[in-house]
Amino acid sequence: MTVDDEPALWESDVVAADGATVHVRPIRPDDGERLVAFHERQSPESIYYRFFSPRPRLSDAEVRHFTNVDHVAREAFVVLLDGDLIGVARYDRYRETDEAEVAFFIDDAHHGRGLAPILLEYLAAAGRTHGIGRFVATVLPTNRKMLAVFKQAGFDPTTRFADGVIEVSFEVAETGASQAAAEGRATGAEVRTVARLLEPRTVAVVGAGRRPGTIGHEVLRQLLLHEFTGPVYPVNREALHVASVPAWPSVLDVPEHIDLAVVAVPAEDVLAAVEDCARARVGSVLVVSAGFAEVDEAGLQRERELVALARRHGIRVLGPASLGVVNTDPEVRLHATFAALEPRPGRVALSLQSGTLGVAIVGRATELGLGFSSVVAVGAKVDVSGNDLLAWWEADDRTDVVVLSLESFGNPRRFRQVAPRVARRKPVVALVRGSGGDPDLLLGQTGVVGVDSVDELLDVARLLAWQPVPAGRRVAVIADSAGAAEFTQAAGTAAGLLVTATALGLGAGPAEYGQAVAAGVANDDVDAVLVVYTAPLAPRPTEVAEAIAAVAGGGATTVVTSFPGHAVAGRLPLEGERALPNYE
């Protein structure tokens, strides 16, 4: 590989601190005009901070010098948004040393988006590749923001004041602190991306038709029916009103800034709709329209153009072919979906690809009494993926358990980075179908609980949402018959559990079950109690369930029940939000 080949390896789309996407790449000789335009729109103060002198314009010689680098001893990276240069950083190596001088210049209009730390990460990585061990910088004492950048990136700078300036120096070798800072930056950006989708203040429905049963009309109806807490703007080129709400011909005509646009127009019109969203500076776009890569080559090309368009303008896209998103937070009440999804509020977050399967999962969960903090259908996930959602749910105090229904991992490398961290804080359960490779191996490496069916997915989610996570493998089985006790013990032992079983006798009722469960919960040698009630003689399932619930709640021991053959709900309520999961 030659030096000329290498710059392409450093080119990528990066999520900024505010959740938008920007493009980072090495500088090129043809960036001259962009650099001149960038320089001329900066304030005199910013120019002085960068050059230590007034410099309203760059000379032709300076432009040539800045845009022509060898990508080894001299390197520079630029940040682009919608074709405009909005940030530049460079290093210049001192001859016959492993030190290089580093400098940054961020567009005044884009301060606060975390662009300088991103550029520093790129510069440091490139410098390490070419044998540079230390960066030095000269900073004016009043330029506190730049002084903070080096620490924000996880480096340990030393400073020295001399001749009216501060000389900063630091090793560029990767450290635990720099890795943690980079990971923290990426995670924070992902969280803000999802915040745009799940906590918008304003929503526009592009393609909101007047006819009930059409996708755009149903999205609008669901938003209104569930009383989204912000304004909703239907966008329809021909109608004055949709569902008795004033309509607008374009998002460009809406009198308020739009945080989230739901695009529900034919596939061939999606690009034009997203282009309007970009011009209106919409934060995020949810594309429920289908007809992309899943259809034919023309659809694949449309999908590629959609991604390129969105990234050029810094917009994040969920979909296409997404069922939509639901946030049950009473402060938001976002039901941006065309399906009649009615998830009850709860502590479980759900990410899924298949809309049909999502309707089934939510419907069955509702029957079982399981509630959701949010439900997100990623669809084709050309941009926003489950990895972004994991970062959001890790920080979301309304989410205790994360459930994933996957057809592919998208970016397995990022999944390996994010999932273990999230799984250490909150249980993550995944049903993987048709992903290729070895999903069990990947899940095992990340601490994610893998399941094989929708029933298992909901069984595990109920336990983790309503009960403490089992601290170990020691299980006490309490049953009313020897046969049920022995059968359950054998099944648990085969699954690798350490099981002790107690048969109370066929006549056992509420008092006997209450005493046995209380003893199991109080036993320090027991991590979980499994209660089985068959009652072939004089069944009293409701009273037994109440007796178990009276003694099972509030502690650290996991308790689950099974009432085979009896009509008992899948959720036995305890105090607060806890419950006993009951398995048929």
For this session: Compare every heavy atom of P141 with every heavy atom of V165, then report the nearest pair and how far apart it is.
Result: CA-CD, 4.2 Å

Exercise. Can you tell me how far CG of L220 sits from CD1 of I215, rounded to the nearest 0.5 angstrom?
Worked result: 14.0 Å

Problem set entry | Backbone of R196 reached by a side-chain donor or acceptor of D259 within 3.5 Å | no

For this session: Determine the sole option in D84, I86, V22 for which the side chain to side chain contact (heavy atoms under 4.5 Å, CB included) test with H110 is passed.
Result: I86

For this session: Check whether the side chains of R74 and H65 place a donor and an acceptor atom closer than 3.5 Å, and report yes or no.
Result: yes

Exercise. Could you state the interatomic distance from CG (D276) to CG (L271), rounded to the nearest 0.5 Å?
Worked result: 11.5 Å

For this session: Give a yes-or-no answer on whether the side chains of T67 and R28 include a donor-acceptor pair shorter than 3.5 Å.
Result: no

Exercise. Got more than 12 heavy atoms from elsewhere within 6.0 Å of CZ, R281?
Worked result: no

Exercise. Is the backbone of H257 close enough, under 3.5 Å, to the side chain of T202 for a donor and an acceptor to pair up by distance?
Worked result: yes

Problem set entry | Polar side-chain atom of R312 near backbone of L81 as donor-acceptor pair, under 3.5 Å | no

Exercise. Looking only at heavy atoms, what is the nearest atom pair of G154 and A177, with distance?
Worked result: O-CB, 3.4 Å

Exercise. Is a side-chain donor-acceptor pair under 3.5 Å present for E11 with H23?
Worked result: yes

Exercise. If you take all heavy atoms of G386 and S351, which pair is closest and at what distance?
Worked result: CA-OG, 4.4 Å

For this session: Would you mind checking if R421 and E394 are paired as a salt bridge, meaning a charged N to carboxylate O distance below 4.0 Å?
Result: yes

Problem set entry | Any donor-acceptor pair under 3.5 Å from R160 side chain to I166 backbone | no

Problem set entry | Heavy atoms of other groups near D156 CG, more than 12 under 6.0 Å | no

Exercise. Are V136 and V168 close enough, and set up right, to give a side-chain contact (heavy atoms from CB on, under 4.5 Å), and what steps lead you there?
Worked result: CA-CA 5 Å; V136 297; V168 183; over 6 Å; no

Exercise. More than 12 non-hydrogen atoms from neighbouring residues, nucleotides or ligands closer than 6.0 Å to CZ on R237, yes or no?
Worked result: no

For this session: Compare all side-chain heavy atoms of V102 with those of F104 and state whether any distance is below 4.5 angstrom.
Result: yes

For this session: Would you give the length of the straight line joining atom OG of S46 to atom NE2 of H39, rounded to the nearest 0.5 angstrom?
Result: 10.5 Å

For this session: Before accepting this row, confirm whether a basic side-chain N of the pair E121/R185 lies closer than 4.0 Å to the acidic partner's carboxylate O.
Result: yes

Exercise. Do any N or O atoms from the side chain of T193 and from the backbone of A189 form a donor-acceptor pair under 3.5 angstrom?
Worked result: yes

Exercise. Mind checking whether L123 and F77 have side chains closer than 4.5 Å, heavy atoms only?
Worked result: yes

Exercise. Is there a side-chain contact between V205 and V235 (heavy atoms, below 4.5 Å)?
Worked result: no

Exercise. Do T187 and E183 get their side chains close enough for a donor-acceptor pair, meaning under 3.5 Å?
Worked result: yes

For this session: Report the C-alpha separation of V251 and Y233 in whole Å, then their side-chain angles, then the decisive distance to 0.1 Å, and conclude whether the side-chain contact (heavy atoms from CB on, under 4.5 Å) test is met.
Result: CA-CA 9 Å; V251 290; Y233 295 96; over 6 Å; no

For this session: Enter the distance from R134:CZ to E171:CD here, rounded to the nearest 0.5 Å.
Result: 4.0 Å

N/O donor to acceptor pairs below 3.5 angstrom from side-chain atoms of residues 52-61, sequence neighbours left out:
{"residue": "R55", "atom": "NH1", "partner": "E62", "partner atom": "OE2", "Å": "2.6"}
{"residue": "S59", "atom": "OG", "partner": "E62", "partner atom": "N", "Å": "3.1"}
{"residue": "S59", "atom": "OG", "partner": "E62", "partner atom": "OE1", "Å": "3.4"}

Problem set entry | Closest heavy-atom pair and its distance - L197, P200 | O-CD, 3.6 Å

Problem set entry | 4.5 Å side-chain heavy-atom contact, R333 and F228 | no

Exercise. So, does S322 use its side chain to make a donor-acceptor pair with the main chain of A377 at under 3.5 Å?
Worked result: yes

Seminar exercise, completed: Exactly one candidate in V78, D31, I106, L85 meets side chain to side chain contact (heavy atoms under 4.5 Å, CB included) with F38; the answer is L85

Exercise. How long is the gap from NZ on K381 to CG on D383, to the nearest 0.5 Å?
Worked result: 12.5 Å

For this session: Any chance you could lay out the side-chain contact (heavy atoms from CB on, under 4.5 Å) test for V326 and L334, step after step, and finish with the verdict?
Result: CA-CA 5 Å; V326 174; L334 176 71; over 6 Å; no

Seminar exercise, completed: For D108 and S43, the nearest pair of non-hydrogen atoms, with its separation, is OD2-N, 2.7 Å

Exercise. Which class fits the ring pair F170 and F150: parallel under 30°, tilted 30 to 60°, perpendicular over 60°?
Worked result: tilted

Problem set entry | Lys/Arg-Asp/Glu bridge criterion (N-O < 4.0 Å) met for D18, R192 | no

Exercise. Are any non-hydrogen side-chain atoms of T21 and I315 less than 4.5 angstrom apart?
Worked result: no

For this session: For E294 and F292, indicate whether the former's side chain and the latter's backbone hold a donor-acceptor pair under 3.5 Å.
Result: yes

Problem set entry | Evaluation steps, side-chain contact (heavy atoms from CB on, under 4.5 Å), between Q42 and D107 | CA-CA 7 Å; Q42 308 313 314; D107 195 310; 3.5 Å; yes

Exercise. Relative to the ring of F135, is the ring of Y91 parallel (under 30°), tilted (30 to 60°) or perpendicular (over 60°)?
Worked result: tilted

Exercise. Heavy atoms, side chains only, cut-off 4.5 Å: are S374 and W393 in contact?
Worked result: yes

Exercise. Any donor-acceptor pair under 3.5 Å linking the side chain of R90 with the backbone of F66?
Worked result: yes

For this session: Indicate whether the side chain of Q301 and that of E305 have a donor and an acceptor atom separated by less than 3.5 Å.
Result: yes

Exercise. Is atom NZ of K145 surrounded by more than 12 heavy atoms (other residues, nucleotides or ligands) closer than 6.0 Å?
Worked result: no

Problem set entry | Residue pair R398 / N327: nearest heavy atoms and the distance that separates them | NH1-OD1, 3.4 Å

Exercise. Do N143 side-chain atoms and V139 backbone N/O form a donor-acceptor pair below 3.5 Å?
Worked result: no

Exercise. Is there side-chain contact between D98 and R93, with at least one heavy-atom pair below 4.5 Å?
Worked result: yes

For this session: Taking only Lys NZ, Arg NE, NH1 and NH2, and the carboxylate oxygens of Asp or Glu, determine whether E190 and R414 approach each other closer than 4.0 Å.
Result: yes

Exercise. For the side chain of H130 and the backbone of H71, is there at least one donor-acceptor N/O pair under 3.5 Å apart?
Worked result: yes

Exercise. Taking only residues two or more places apart in sequence, or in another chain, which ones meet E101 in a salt bridge (Lys or Arg N to Asp or Glu O under 4.0 Å)?
Worked result: none

Exercise. Looking at side-chain heavy atoms only, is the closest gap between V288 and V263 below 4.5 Å?
Worked result: no

Exercise. How long is the gap from CG on N68 to CD1 on I27, to the nearest 0.5 Å?
Worked result: 9.0 Å

Exercise. With a 4.0 Å cut-off, would you call R316 and D388 a salt bridge?
Worked result: yes

